[in-house]
Amino acid sequence: MAGRNETPRRVVVNREGPILVEGPVEVVGDDGTTTRSDRFVVAICTCRRSRAYPWCDTSHRRRKPAESRPDDDGRQPEKSEEEPRP
């Protein structure tokens, strides 16, 4: 463990993104595997979509396709009724 005279690590928690940790760091997964990074700041995935887990690969940025909005009467527009796109 770290000694008492060492500077504490800074951890930044983002609501819709990864946890940023000043490195170097070792991450111990729930299966007991240890992964190390010597970078000065690492992004730890919180969405579990990353292909490089536990490191963030920005998979959290991918969005679901935009849903069609219903007309005022609550029904979905037909193709011929769709508004033109700018």
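Side-chain atoms of Leu20 and Val11, non-hydrogen and from C-beta on, never get closer than 4.5 Å to each other. Between Pro24 and Arg9, the closest side-chain pair of non-hydrogen atoms falls below 4.5 Å.
Cluster membership for Val27 and Val21, using ILVMFWY side-chain heavy atoms within less than 4.5 angstrom, is shared.
Checked against side-chain hydrogen bond (donor to acceptor under 3.5 Å, both in side chains), Thr34 has no partners two or more places apart in sequence or in another chain. Residues satisfying the salt bridge (Lys or Arg N to Asp or Glu O under 4.0 Å) criterion with Arg10, sequence neighbours excluded, are Glu22.
Across Ala52 and Asp57, no two heavy atoms sit closer than the pair N-OD2, 4.0 Å.
Note that CZ of Arg49 and SG of Cys56 are 10.5 Å apart. Values are rounded to the nearest 0.5 Å.
Formation of a donor-acceptor pair under 3.5 Å by the Asp31 side chain with backbone atoms of Thr33 is found in this model.
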Cut-off 3.5 Å, no hydrogens considered: what does the side-chain donor-acceptor table look like for residues 35-47, sequence neighbours left out?
unit_1, atom_1, unit_2, atom_2, d
Arg36, NE, Asp38, OD1, 3.1
Arg36, NH2, Asp38, OD1, 3.0
Ser37, OG, Arg39, N, 3.3
Thr46, OG1, Gly17, O, 3.0

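Salt-bridge annotation for Arg48 and Asp30: present, with a side-chain N of the basic residue lying under 4.0 Å from a carboxylate O of the acidic one.
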